[in-house]
Protein chains: 2
Amino acid sequence: MENPSEKTPARWESLPSWLLTQTANHAHRLVAEGFSSVGARGYHYRLLATLEQFGPASQAALGRRSGIHVSDMVATINELADRKLVERAPDPSDRRRNIISLTPAGKRQLRRLEKQLAECQDELLAPLSPEERQRLTELLSRLLDHHNRRTGTPEEPWR
Amino acid sequence: MENPSEKTPARWESLPSWLLTQTANHAHRLVAEGFSSVGARGYHYRLLATLEQFGPASQAALGRRSGIHVSDMVATINELADRKLVERAPDPSDRRRNIISLTPAGKRQLRRLEKQLAECQDELLAPLSPEERQRLTELLSRLLDHHNRRTGTPEEPWR
DNA sequence: ACCAAACGTTGGTCGTCCGAACATTTGGGC
DNA sequence: GCCCAAATGTTCGGACGACCAACGTTTGGT
């Protein structure tokens with residue numbers, strides 16, 4: 001959206017789907033800028049955060065928990081492993097698996113990303129009062145829940 | 001997000017930026033499905049709607065009005081012109097320009113897309129009451145306005 | 001022992017957004 | 001009238017998130 005100008009509002013501009021995707025664009029841009037200032041992108045944060053929250057795990061399990069597709073997981077882990085933010089070790093008890101774990105440097109990076117993320121939330125919601133922010137997140141949560149339910153959420157098999 | 005499972009909620013899942021981008025993903029998916037069932041995608045609708053609303057115009061002007069990048073405009077028009085939904089004619093008064101106009105078939109396609117779009121809005125907002133839908137769109141509009149203002153909106157030069 | 005299932009990996013697709021570069025044409029200032 | 005800055009259309013390419021198909025290896029249950 002390089003140049004939305006020519007003032008006259010287009011007639012789709014009041015559609016909820018438009019409002020959502022466009023504000024999401026702004027949100028994504030803000031977050032991406034914050035992350036890239038530390039040399040990262042969304043998948044990096046999600047993976048690091050998942051690792052810290054649930055501990056070391058196989059790539060497949062990490063994919064399920066973080067919502068990152070297995071095939072993207074490979075590239076993401078490669079990128080993080082190159083920067084020594086994450087470690088990939090073979091699972092001795094199952095030779096199909098790699099066990100991914102967070103390094104101290106990875107933890108530090110995660111702290112940086114979280115700081116960026118927090119700042120972005122504020123910039124994103126700047127024009128809203130605390131009560132309005134609350135109502136917005138509540139409404140969005142309901143929407144997200146609803147659609148996540150209908151878009152299959154298989155369940156963790158075991159372990 | 002093929003498989004968000006493993007129930008335990010990740011800690012970023014309550015962040016406004018996450019809620020926004022994810023619900024926007026669902027919205028986008030719904031709309032894209034609706035559009036693709038008629039063989040179109042977002043840019044097609046935006047271009048057709050812009051043409052109907054503002055009348056025939058040059059590609060650059062259409063880009064400004066629809067928020068589609070000039071370089072994407074080329075491909076979009078190509079695709080629509082191939083299907084005879086749009087016509088590309090040289091501007092006799094300015095040989096740099098093409099004048100793009102909507103064909104009757106294009107108008108019919110636009111009607112189809114609008115129908116799809118309307119259905120999507122309802123599916124998207126299904127879990128919300130009319131009042132809640134109202135409040136959501138109001139909050140999102142405020143956010144979008146705010147960020148659009150800060151992200152340059154140059155103005156239409158003339159004509 | 002067999003087979004279905006899980007795992008990691010490779011190599012794509014798609015849509016939206018965006019930038020750089022280029023040739024052509026134009027209009028305004030001088 | 002001339003010149004230059006600006007607008008126009010076009011091509012190419014990249015980032016990012018989301019996704020899919022296929023393959024070889026390894027596994028666990030039967």
Side-chain angles (χ1 to χ4, degrees), chain A residues 1-4 18 21-22 24-29 31-33 35-36 39-47 57-64 66-79 81 88-100 151-152 154 156-159, chain B residues 1-4 17-18 21-22 24-29 31-33 35-36 40-47 57-64 66-79 81 88-100 151-152 154 156-159:
Chain A
M1 188 112 2
E2 201 184 43
N3 186 346
W18 174 261
T21 53
Q22 292 311 298
N25 265 348
H26 284 290
H28 184 268
R29 193 174 32 73
V31 172
E33 280 167 10
F35 282 175
S36 85
R41 60 192 181 98
Y43 280 4
H44 295 174
Y45 165 72
R46 268 156 75 178
L47 184 44
S58 73
Q59 301 185 191
L62 289 172
R64 276 178 301 241
S66 65
I68 297 176
H69 195 284
V70 212
S71 66
D72 296 319
M73 186 58 66
V74 178
T76 306
I77 293 177
N78 285 343
E79 290 159 9
R88 193 195 248 124
D91 183 338
S93 81
D94 186 338
R95 283 187 297 172
R96 288 172 304 179
R97 294 182 181 164
N98 296 327
I99 296 184
I100 312 300
T151 313
E156 162 103 317
W158 51 257
R159 173 171 278 205
Chain B
M1 186 110 4
E2 200 187 43
N3 185 348
S17 63
W18 174 262
T21 52
Q22 293 311 297
N25 266 349
H26 285 289
H28 183 266
R29 195 173 32 72
V31 172
E33 279 167 12
F35 282 176
S36 84
R41 60 192 181 97
Y43 279 2
H44 295 172
Y45 166 72
R46 268 156 79 176
L47 184 44
S58 73
Q59 301 184 192
L62 289 173
R64 278 178 300 245
S66 64
I68 297 176
H69 194 286
V70 212
S71 65
D72 295 320
M73 186 59 67
V74 179
T76 307
I77 293 178
N78 286 344
E79 291 159 8
R88 193 195 246 123
D91 182 338
S93 80
D94 186 336
R95 283 187 296 172
R96 287 172 305 179
R97 294 182 180 163
N98 296 324
I99 295 184
I100 312 301
T151 314
E156 163 101 317
W158 51 258
R159 174 174 274 208

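When each of D/dT8, C/dT16, C/dT9 is scored by its nearest atom to the side-chain atoms of A/V74, the top-ranked nucleotide is C/dT9. Closest to the side chain of A/H28, from the set D/dA18, D/dT27, D/dG17, is D/dG17. Of the listed nucleotides (D/dG9, C/dT9, D/dA18), D/dG9 has the atom at the smallest distance from the side chain of B/N98. The B/R95 side chain lies nearest to C/dT25 when the options are D/dG9, C/dT9, C/dT25. Closest contact between the side chain of A/A60 and the listed nucleotides D/dT11, C/dG8, D/dT26 involves C/dG8.
In terms of phosphate contacts, A/R64 brings a side-chain nitrogen or oxygen within less than 4.0 Å of OP1 or OP2 of C/dC7. Contact annotation: A/Q59 side-chain N/O to C/dT9 OP1/OP2 distance is under 4.0 Å. Phosphate contact (OP1/OP2 of C/dT16, side-chain N/O of A/N25, threshold under 4.0 Å): absent. Not one side-chain nitrogen or oxygen of A/Q22 sits closer than 4.0 Å to the OP1 or OP2 atom of C/dT16. One finds no side-chain N or O of A/R88 lying less than 4.0 angstrom from the OP1 or OP2 phosphate oxygen of C/dC7.
We find that CG of B/N78 is positioned 12 Å from P of D/dC12, with the value rounded to whole Å. Distance CZ (B/R96) to P (C/dG27): 7 Å, rounded to an integer number of Å. Atom CG in A/D72 sits roughly 16 Å away from atom P in C/dC14 (whole-Å rounding). Summarising the geometry, the separation between CH2 on B/W18 and C1' on D/dA18 is reported as 11 Å, rounded to the nearest angstrom. We find that NE2 of B/H69 is positioned 18 Å from P of C/dG15, with the value rounded to whole Å. Look at CD1 on A/I77: it is 13 Å from P on C/dC7, rounded to the nearest Å. The distance from atom CG of B/L62 to atom C1' of D/dG9 is 13 Å, rounded to the nearest whole Å. Counting to the nearest Å, the C1' atom of C/dA6 and the CZ atom of A/R97 are 8 Å from each other.
In terms of modelled atom types and a separation under 3.5 Å, the side chain of B/R46 and the main chain of B/G67 share a donor-acceptor contact.
When all heavy atoms are compared, the tightest approach of A/S58 to A/R97 is CB-CD, 3.9 Å. Between B/A27 and A/T21, the shortest heavy-atom contact is CB-CG2, 4.4 Å. When all heavy atoms of B/M73 and B/I68 are compared, the closest pair comes out as CE-CB, 3.7 Å.
Heavy-atom distances to DNA chain D give each of A/S36 and B/I99 a nearest nucleotide, and the one nearer the 5′ end belongs to B/I99. Along DNA chain C, the nucleotide nearest to B/A40 and the one nearest to A/R29 differ in position, and the one closer to the 5' end is contacted by B/A40. Residues A/A32 and A/P92 each lie close to DNA chain D; by heavy-atom proximity, the contact nearer the 5' end of the strand is made by A/A32.
Taking CZ of A/R41 as the start and NE2 of A/H28 as the end, the distance is 9.5 Å to the nearest 0.5 Å. Taken to the nearest 0.5 Å, the CD1 atom of B/I77 stands 10.5 Å off from the NE2 atom of B/H44.
As judged by a 4.0 angstrom heavy-atom cut-off over every strand, A/S71 is placed among the base-contacting residues.
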